[in-house]
Amino acid sequence: MSKTLLATIKTPGFHFPTISLPGKSLLNINKKMRIALLILVPILLLTAFSSWLPLPGPLQTNLRAIMQWPSLAHPFGTDRMGRDVLSRTLSGVQVSLLVGFSVALISTCFGIVLGTVAGFFGKFIDRAIMSVVDIFLAFPSLLLAIGLVSVVGTGLWPVIVAITLADVPRFIRLQRSLVLSLRSRAYIDAARTVKASQWWIMRRHIVPNTIAPLLVTASIAAAHAILVEASLSFLGLGIMPPAPSLGNIIRDGQTYLEQAWWISTMPGLVILLIALSLHFLSDGIREALDPRARK
Amino acid sequence: MLAYSLKRLLQLVVSTFGVVTLVFFTLRLIPGDAAAALAGDTITGEALERLREQMGLNKPILAQYLTYLWDLVTLRFGETITTGLPISGLLSQAFPITLSIALATITLSLIIAVPLGAMAAFMAHKGRKTLDNLITTAAMLADLMPSFWTGLVFLLFFSLMLGLFPASGMVSFDDPVTFLKRIALPVMVLSVTQIATMARITRTAVLEVLSEDYIRTARSLGWSEVRVLFRHALKNAALPIVTIVGLSFGSLLNGTVIVEFIFTIPGLGSLLVNGINSRDYQLVQTLIVFYALFFVSVNLVTDLIYKQIDPRVQL
Amino acid sequence: AQDKTLRVRFYDDPAGFDPASIFRIENENIAFNIFSGLTTYDSTTGKVVPDLAESWSTPDNITWTFKLRHGVKWQKGYGEFTSADVLYSFSRTRDPATASPYATDLAGIVKIETPDDYTVVIQLNAPDGNFVHTVANYHQGQILSKKAVEAAGKQVRWQPVGTGPYYLDSVDVNSRIVLKRHKEYYKGPAPIDTIVFQIIKDEATSTIALRKGEIDLAMRANKEENLQTLAREGFKLNKVDNYAVALRVHNLSNKALSDIRVRQALAHAIDYEAISKATSPSLQAAAHSMLMPWMDVYTPKVPRYEFDQAKAKKLLAEAGYAKGLTIKNLSTSAQGVTEFQQFEIDYLSQIGVKMEMELVDTPTFNQRRNNGDFDITTRLLPAVNPDMILFSFLDPDNIAPKGLNGARYNNSKLMALLKGAKAEVDPSKRLRMYEEVQQIAMTDLPYFPLYTNNVVWPGKPGVTGVKINYLAQVNFYEVDMK
Amino acid sequence: MTFMPVDTETVLRVQDLHTHFFTDTGIVKAVNGVSFDLLRGERVAIVGESGSGKSAMAMSLIRLLAFPGKIVSGRIDVAGNEVASLPESELNKIRGSLVGTVFQDPMSSLDPVMRVSDQMIPPVMRHLEVSHKEGEAIAERWLGRVGIPDAKLTIRAYPFEMSGGMRQRVMIAMALSCNPRLIIADEPTTALDVTIQAQIVELLKDLTAETGASMLFVTHDLGLVARFAHKVGVMYAGKLVELGPAADVFAQPRHPYTQGLLRSIPDAADGTRKRLFQIPGFPPDMRLPIVGCAFADRCAAVRDICRTEAPESTYRGVNHFASCWAPTGLDQSVVERQVKMPERIVEAELSPDPVRADALRSDVLEMNNIHKHFVRRSILPWTEAKTVHAVNGVSLRVKRGETLGIVGESGCGKSTVARLLLGLEEPTAGEIFINGSAQMVFQDPYSSFNPKMKIFDIIEEPLVVNGQSSRTERADKVCSLVSQVGLDQSFLGRYPNQLSGGQRQRVAIARALALDPSVVVADEPTSALDVSVRAQIVNLLCDLKDELGISFVFISHDLLTVRYISDRIAVMYLGEVVEYGPAAQIFDDPLHPYTRALLLAIPTPDPVREAARKIELVTGELPSPFVLQKGCAFASRCPKVADRCRTEKPVLRNFSRQRETACHYAA
Ligand SMILES: Nc1ncnc2c1ncn2[C@@H]1O[C@H](COP(=O)(O)OP(=O)(O)OP(=O)(O)O)[C@@H](O)[C@H]1O
Ligand SMILES: Nc1ncnc2c1ncn2[C@@H]1O[C@H](COP(=O)(O)OP(=O)(O)OP(=O)(O)O)[C@@H](O)[C@H]1O
Ligand SMILES: [Mg+2]
Ligand SMILES: [Mg+2]
């Protein structure tokens with residue numbers, strides 16, 4: 001009898017009332033994610049296929065088309081060097097998203113590992129990790145950024161590393177506090193009573209339940225990273241032109257705010273859209289991950 | 001209480017030592033030194049060497065480290081390498097400025113953000129989503145404004161067009177009105193992001209509290225919703241707000257470089273960046289010790305405020 | 001009459017005003033107004049004119065006799081200026097204990113004599129026709145009061161005492177420097193009583209401050225868009241053209257760059273004229289020589305490199321780089337990648353040269369540039385003395401890291417000509433020799449002149465007499481305001 | 001129906017009240033046409049299944065519904081005020097003054113960051129229009145009246161400085177302080193200990209009688225109803241299906257649901273164990289339209305008309321109304337179907353069959369003089385750390401197939417004993433032997449599941465971590481486990497939140513059985529459950545014990561259930577066992593004064609017996625667990641305390657062959 005039962009578990013006829021894996025079904029349930037994707041997908045598509053668009057390259061200067069108003073030929077106008085702002089924005093989106101996602105991803109990974117270890121094992125390990133975290137928190141992130149840039153030069157990776165270094169302590173703290181609050185949950189005890197190993201408990205019970213709040217923080221961190229990159233480039237530590245990032249386009253265009261507002265405003269709007277959709281996306285995923293929200 | 005403070009102080013000493021050591025060696029890992037920093041277009045290599053010697057940069061690193069530690073212990077901050085000015089003097093000039101800007105920013109932000117956040121939470125709690133969405137989205141957008149951008153826009157608008165605030169000038173405490181006018185713009189620029197963060201935190205915290213039982217109790221005693229919101233809900237939601245204020249305070253002390261640059265505010269941020277840019281080891285190290293001290297003091301004060309707000313908090 | 005106060009934007013940090021260790025042009029400009037030299041530069045023509053020395057003479061460019069002005073008073077009551085102060089000042093700079101980077105500039109002095117209070121005789125180890133530049137009111141040429149220096153002790157850089165038109169009243173390193181006029185200045189008191197230098201670092205803020213009337217004059221503005229706004233609104237753009245030339249330094253120990261055809265190809269590949277015109281017509285112009293047109297030894301008769309990408313490609317192909325090559329350009333992160341450099345990158349990419357920017361922070365940049373640790377980089381040396389430029393850049397004795405010859409250029413023929421020219425007394429012969437030097441340099445192209453720099457000090461229309469000299473400095477004695 | 005004018009004696013009149021929650025997934029019709037009157041001084045109890053709309057109805061009365069709840073239609077008249085249509089500001093004048101409210105959880109119902117005085121005095125000042133000083137006097141007087149010893153001092157305290165019972169007293173004092181005419185109490189004692197609960201109930205009873213206030217209180221506990229209420233209203237799916245005088249309803253319930261509810265409680269008087277009555281099925285989804293009688297699907301007396309037409313509320317006796325098509329509800333035949341339960345094992349011990357007795361005599365679990373001390377260190381290094389003697393020398397044995405019940409007040413160390421048994425805590429001293437393995441069923445099944453795991457994974461987990469068998473074998477085992485606890489396999493793919501409370505507890509039990517344990521420790525496994533569901537779980541546990549021969553350790557506040565399920569009982573007080581013996585004997589003849597007080601405090605679901613009973617309450621609060629008592633721990637509250645009790649600690653000693661007690665004067 002039990003053999004046939006097993007078969008029923010595996011057949012599609014078996015009743016799984018709600019989604020279990022991200023996929024088509026996720027889109028169905030979640031309004032927020034749909035809004036987010038509605039914004040994000042077109043931007044990403046445009047970005048990915050920007051070379052197919054009838055636009056000049058992002059680095060292509062044109063001395064005869066300096067600071068032109070937005071027009072059909074240049075939907076976002078042109079900048080001080082006659083480059084097409086749309087084309088630059090699109091390629092800036094790639095860079096900025098890379099920065100944002102890498103920072104969020106790396107920070108989250110470090111946060112999960114170190115925060116979990118600190119919170120779960122407590123005692124000496126906790127104290128050791130947290131005092132290092134405190135040191136990093138008291139350490140001006142700017143100095144880190146400058147140090148890094150001086151040693152390895154400017155570029156994408158130094159920027160990502162610099163921002164990540166400043167973010168990681170926060171993630172560790174967050175994860176630790178989440179773990180601390182989870183550690184006393186009844187289901188952890190329940191797992192202990194069946195002699196589950198520490199490793200198993202961390203992997204199966206603690207970490208999955210910290211993902212949702214971490215995700216929200218990560219999406220904020222991603223949006224912030226895009227901005228911090230802009231500020232770093234203001235200080236000459238970010239991604240350097242002519243390579244465009246949303247940050248440095250805005251920063252460069254900022255000086256022409258009176259003469260040519262579009263140079264910084266248009267990519268600024270794109271950042272806002274991206275951040276908004278990241279926010280919705282993370283919120284949506286969080287809801288989708290939360291079985292409690294399912295009825 | 002005193003004992004608690006002492007314990008925190010001990011913590012401080014340990015972590016400061018860590019920070020100091022880290023900073024000392026990080027700084028020296030960075031290529032270029034004070035002499036190189038000073039050298040502009042015109043200085044030759046030979047002259048540089050002479051300068052380096054004069055600045056005491058030729059001594060072995062370990063010797064420099066020990067001297068430095070000893071100076072710290074004996075509370076001698078010394079002089080900057082590049083300008084020969086006493087560091088304590090620079091600090092005592094820059095710190096009050098930064099502090100007042102930070103305080104003003106926090107105050108302004110709290111005054112605006114807390115009612116906004118509370119309103120948003122209240123509306124969300126009542127299911128009236130429009131205003132909540134409006135505030136939440138506005139906060140998100142404000143959070144995303146880079147300060148170099150808002151700085152310029154504010155300058156153009158409030159200073160040039162409306163003529164309300166000066167764009168430059170001495171930052172002096174002699175005349176409070178002038179002083180306030182002078183720091184008004186930087187404070188406004190810094191507040192934009194602070195308001196966004198605080199409003200968001202307030203909203204989340206208040207929203208959580210609003211569904212607590214004791215809120216219902218207060219309502220059942222006949223208090224109006226507004227009174228319940230501001231007397232009961234806010235007080236209970238204060239812990240996360242205080243936490244974020246503490247963190248903001250820390251970041252306002254070292255994270256305002258851009259604003260200080262734009263508005264020519266001679267604060268700690270500029271001091272630090274100048275120090276780093278001119279590789280003035282002495283200055284940077286001292287500043288960082290100062291930061292660490294301040295950081296821990298803010299934490300301490302935050303904890304004490306916790307205790308004040310929520311008597312359940314154990315110190 | 002009411003006391004006049006001039007408010008001037010100052011864009012850097014005050015770093016002290018000891019001539020022996022002064023750096024950075026803004027600080028130097030203050031020192032320029034506090035101190036005097038034996039000679040100084042005419043603000044308009046750039047010619048060397050008398051200052052503390054009323055006259056001078058030399059029979060052989062080796063022994064120089066200066067007759068000093070009588071009755072010149074030190075600021076802050078330090079009494080009268082005499083030849084002893086000259087002796088003291090020069091000896092102080094030369095003293096290794098002072099560790100002055102400018103000691104080398106005075107290294108040629110063998111002996112200084114002061115036969116009386118108003119005569120100074122200086123003997124050099126080799127003939128130097130341009131020695132009057134060395135003793136001009138600039139760095140090593142500025143004369144200090146012995147008494148004042150000794151009184152100030154370690155704080156000498158913050159307590160400068162000179163004989164110039166203004167004395168230092170107060171410094172707040174964070175926000176401003178206040179100069180007051182020296183009432184006993186030997187030419188008579190300056191028209192303005194107080195000059196307040198306000199520190200405003202951000203260009204945009206400075207422009208707004210000027211437009212709002214918070215300052216009267218901005219020391220140097222370097223953003224074209226701001227200048228246009230100011231001009232439109234009726235501000236006066238006080239200006240000196242061609243103050244210095246920005247040179248691209250080609251490191252000749254780099255394999256590709258050691259090939260003269262590659263260097264010439266780079267020169268042909270970019271339309272420098274168009275870039276300057278398009279991006280900052282008021283701030284820069286295309287350059288064709290290492291020297292400035294206003295220098296007496298300047299010659300336009302040097303090879304020119306027209307914008308011709310076909311030719312550039314051909315030259316590259318001949319040098320064996322038909323497939324292109326990559327060059328690293330060392331630059332400072334403080335400045336970022338300038339628009340000019342972005343254009344260069346774009347133009348060079350069209351002939352298959354990939355110019356990669358190596359951006360490092362300023363101290364690192366300075367260190368590496370001084371050590372000659374780069375493929376190409378940029379250097380701009382403001383100087384009035386042509387020898388200063390030519391020797392610094394071309395003399396093999398000055399090869400990095402010892403000196404500024406970052407290209408590591410070593411051409412004995414050119415050197416012989418240059419040394420000869422420096423010693424030559426006959427003006428026409430001298431000029432011809434300088435011409436030949438310039439021709440060789442522009443053919444070999446160890447350095448390529450990217451553009452000449454203009455300096456603009458925008459100010460209110462009522463501020464008059466802002467004449468910027470070729471060291472980009474303003475003599476505030478001449479400035480007045482309505 | 002027309003709305004009748006309210007005479008002076010009628011304090012509350014509710015007429016055809018409809019309250020809906022407008023959620024994203026549909027409109028929850030929580031209250032669906034409720035009408036009743038409440039006279040001056042009358043106490044009405046509202047009982048019913050969880051989710052039947054009791055709270056929604058109660059909160060509607062003063063319009064304190066949480067978003068998205070809304071009163072849709074109906075009239076509510078509180079002493080002449082039309083609450084449903086009153087503007088908010090007018091309503092605020094009624095709240096707190098005309099109507100006082102007491103909520104369920106005393107721990108969370110007081111503002112944690114405000115002193116009692118700041119919460120109590122301002123409403124008094126406002127509603128009675130008195131000065132601060134007078135207000136303070138009034139507040140203190142009320143605190144005194146609710147039995148708070150040092151009112152002047154206590155009023156300065158923060159809620160966290162008080163015990164739960166004290167806090168609930170403060171809540172009551174607050175509710176009464178403005179002389180309300182109506183008190184609404186939503187499960188005012190559910191979160192409290194039996195002994196404290198009894199105190200609070202008596203207090204409310206006395207005070208309402210004294211002030212003439214009427215009272216509406218919501219509860220799950222039918223025993224309480226019997227002790228306390230004049231009238232009972234039974235709610236089911238948003239409707240009052242039965243309403244009548246308490247004695248009448250208990251004696252002659254007319255609605256099948258009421259009848260089922262009353263039968264699902266173990267009978268305190270009955271020595272023999274019958275299988276508890278279970279109401280099958282689940283309450284209807286209140287988002288869907290209900291055709292006919294909402295109870296039809298679960299009703300044994302269902303007939304055709306029930307499925308098409310909803311029954312009106314009809315007269316069934318003096319003031320007694322019920323909504324059912326059947327005149328008397330269930331017929332006897334259904335009721336008789338209750339099965340007899342297996343006999344208690346302790347009796348068997350005395351049986352002559354030597355083989356069986358031998359097998360029974362083997363202990364599966366033995367605890368010898370176990371101590372567990374928690375040290376609470378302050379952050380200050382030199383202040384003395386406080387030690388909680390959570391378990392202070394407990395020795396227990398559980399035999400194979402036996403159920404040991406542990407009862408005792410909150411904080412007496414029951415859970416700690418459970419955790420020690422499972423190895424979740426290390427004992428400070430003493431030894432524990434387990435023959436085989438122990439597993440646990442937690443109080444709140446929901447929180448004992450990882451919300452991110454599916455039921456299948458939850459049950460499978462013990463098998464996986466113990467490296468048992470292959471995937472397929474594990475799946476087999478999981479399937480057989482769920483069917484063992486009476487669940488359908490379709491639940492395996494769900495998440496815990498998609499299950500009802502009873503189903504969750506079944507899952508928890510299935511999981512506990514996965515590793516074939518010899519002992520299952522159940523720490524309050526039914527206290528988070530509904531009365532009717534509780535019966536199912538209790539029945540299930542009894543069945544399992546019988547089928548599998550597993551031993552149980554059953555911890556509960558619910559003494560009736562403990563008595564029903566246990567073979568032997570240990571009564572704990574402040575970390576010690578004060579009485580130990582066969583369940584029936586202890587219940588019938590308690591030896592220790594504490595046991596006696598505990599038993600007296602249990603309300604029985606029988607208004608006649610409750611009315612006849614003279615309730616002697618223990619007074620006073622639990623002593624602090626931080627202070628180790630020198631003499632008998634119960635001395636401070638014991639009615640029979642003598643000098644010897646304060647100086648000499650009584651030890652657990654044999655009283656008779658099967659009974660042990662720790663009292664100097666046990667007779
Ligand atoms: N805030 C809310 N939002 C949506 N639905 C709600 C809300 N509060 C209650 N409900 C629904 O209204 C119905 C009645 O709930 P109510 O709280 O009145 O039940 P109850 O009888 O008090 O149950 P319990 O005994 O568990 O307290 C339930 O189906 C519940 O799911
Ligand atoms: N981890 C712990 N740290 C400190 N004290 C604890 C801890 N666990 C329990 N205690 C204390 O030990 C005592 C006994 O607690 P326990 O939970 O065993 O009581 P209980 O009888 O289960 O109560 P309840 O009926 O409320 O569940 C209490 O005073 C409690 O505060
Ligand atoms: Mg309820
Ligand atoms: Mg317990």
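Order of the sequence lines fixes the chain letters, A, B, ..., with proteins taken first and strands second; residue numbering starts at 1 for each chain.
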**Request:** Report yes or no: does D:Arg511 contribute a side-chain atom to a donor-acceptor pair with the main-chain N or O of A:Ala190 at less than 3.5 Å?
**Result:** yes
**Message:** Report which part of D:Asp457 has an atom under 4.5 Å of a heavy atom belonging to chain A: side chain, backbone, both, or neither.
**Reply:** side chain
**Asked** Side chains of A:His205 and D:Lys452: does their closest heavy-atom pair fall under 4.5 Å?
**Response** no
**Request:** To the nearest 0.5 Å, tell me how far D:Asn450 CG sits from A:Ile206 CD1.
**Result:** 9.5 Å
**Message:** Counting heavy-atom pairs under 4.5 Å with chain A, which one of D:Val478, D:Val465, D:Val521 comes out on top?
**Reply:** D:Val465
**Message:** Can you tell me if D:Glu426 has over 12 outside heavy atoms packed within less than 6.0 Å of its CD?
**Reply:** no
**Request:** Test side chain to side chain contact (heavy atoms under 4.5 Å, CB included) on A:Val194 and D:Met440 and set out the steps.
**Result:** CA-CA 9 Å; A:Val194 299; D:Met440 176 107 172; over 6 Å; no
**Request:** Of all the heavy-atom pairs spanning A:Ala186 and D:Ser447, show the shortest one and how long it is.
**Result:** CB-O, 3.4 Å
**Request:** Could you tell me whether the side chain of D:Asn466 and the main chain of A:Lys195 form a donor-acceptor pair under 3.5 Å?
**Result:** no
**Message:** Strictly distance-based, threshold 3.5 Å: is any side-chain N or O of D:Gln439 a donor or acceptor partner for the main-chain N or O of A:Thr193?
**Reply:** yes
**Asked** Under a 4.5 Å heavy-atom cutoff, which of A:Asp189, A:Leu182, A:Ile188 has the most pairs with chain D?
**Response** A:Asp189
**Message:** What I'd like to find out is whether the side chain of D:Pro451 reaches to under 4.5 Å of the side chain of A:Asn209, using heavy atoms alone.
**Reply:** yes
**Message:** How close do A:Tyr187 and D:Phe449 get, counting heavy atoms only, and between which atoms?
**Reply:** CD2-O, 3.2 Å
**Item:** Validation row: A:Arg192, D:Arg419 side chains within 4.5 angstrom (heavy atoms)
**Value:** no
**Message:** If you count every heavy atom of other residues, nucleotides or ligands that lies below 6.0 Å from A:Phe110 atom CZ, does the total exceed 12?
**Reply:** no
